[in-house]
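Note that this is a predicted model, so its numbers are computed, not measured. Numbering starts at 1 and runs along the sequence shown.
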Amino acid sequence: MTTKEHDASVYEEVQESSEFQDLKRRFRAWTFPMTVAFLVWYLLYVVLSGWARGFMGIKLLGEINVGLVFGLLQFVSTFLIAWAYARHAEKKLDPIADKLRHEVEEKTK
């Protein structure tokens, strides 16, 4: 068996393992809903900016209006999602991924 064939079979074996399937499930269970939530939030901002100009133009404090606050909240939500994902990955994904990586490294030595 050549090294290439050996490596491919190791990776196929890992891909079929229950641990790898659990890793994919955990990743998707967090990522897909969060992506949908962020896209809805972003599209709400775009729609309100285009079709609810009166609402977005309401002044809250001096020259600061609802549209400006919503725009800044887009940045805040982006950073919060990145922070939340990093915590999720550290607790739920990284331990499984590290274990799988070590198994592959051992098998391909």
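Within the 4.5 Å cutoff, side-chain heavy atoms of Lys107 are placed close to those of Glu13. Looking at Lys92 and Phe27, their side chains never come closer than 4.5 Å, going by heavy atoms from C-beta outward. Side-chain contact between Glu106 and Glu103 is absent, with no heavy atoms from C-beta onward closer than 4.5 Å. Proximity of Asn65 to Leu68: side-chain heavy atoms (C-beta onward) are separated by under 4.5 Å at one or more points. With a 4.5 Å cut-off on side-chain heavy atoms, Phe20 and Ile96 do not count as touching. You'll find the side chain of Phe70 reaches within 4.5 Å of the side chain of Phe55, heavy atoms only. Glu63 places a side-chain heavy atom less than 4.5 Å from the side chain of Lys59.
Note that CZ of Phe79 and CH2 of Trp83 are 14.5 Å apart. Values are rounded to the nearest 0.5 Å. How far CZ of Arg26 is from OG1 of Thr31: 13.0 Å, rounded to the nearest 0.5 Å. Rounding to the nearest 0.5 angstrom, the gap separating the CZ atom in Arg28 from the CG atom in Leu23 is 10.0 Å.
The hydrophobic clustering, which links ILVMFWY residues whose side-chain heavy atoms are closer than 4.5 Å, places Leu44 and Leu60 together. Linking Ile, Leu, Val, Met, Phe, Trp and Tyr whenever their side-chain heavy atoms come within less than 4.5 Å puts Leu43 and Tyr45 in one cluster. One hydrophobic cluster, built from ILVMFWY side chains closer than 4.5 Å, holds both Val66 and Val46.
Of the possible donor and acceptor atoms, none in the side chain of Glu90 sits under 3.5 Å from a partner among the backbone N and O of Tyr85. At least one donor-acceptor pair closer than 3.5 Å links the side chain of Ser77 to the backbone N or O of Gln74.
Of all non-hydrogen atoms in Gln15 and Gln21, the two that sit nearest each other are O-NE2, 2.7 Å. Between Ala89 and Pro95, the shortest heavy-atom contact is O-CD, 4.2 Å.
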From CA spacing to verdict: side chain to side chain contact (heavy atoms under 4.5 Å, CB included), Ser17, Leu100: CA-CA 10 Å; Ser17 72; Leu100 290 170; 4.1 Å; yes

Assess whether side chain to side chain contact (heavy atoms under 4.5 Å, CB included) is satisfied between Leu72 and Val76, documenting all intermediate values. CA-CA 7 Å; Leu72 291 174; Val76 172; 5.5 Å; no

In sequence, state the C-alpha distance, the side-chain angles, and the governing distance for Leu73 and Trp41, and then conclude on side chain to side chain contact (heavy atoms under 4.5 Å, CB included). CA-CA 10 Å; Leu73 286 175; Trp41 161 236; 3.7 Å; yes

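Taking a cutoff of 4.0 Å between a charged side-chain nitrogen and a carboxylate oxygen, Arg101 and Glu105 qualify as a salt bridge.
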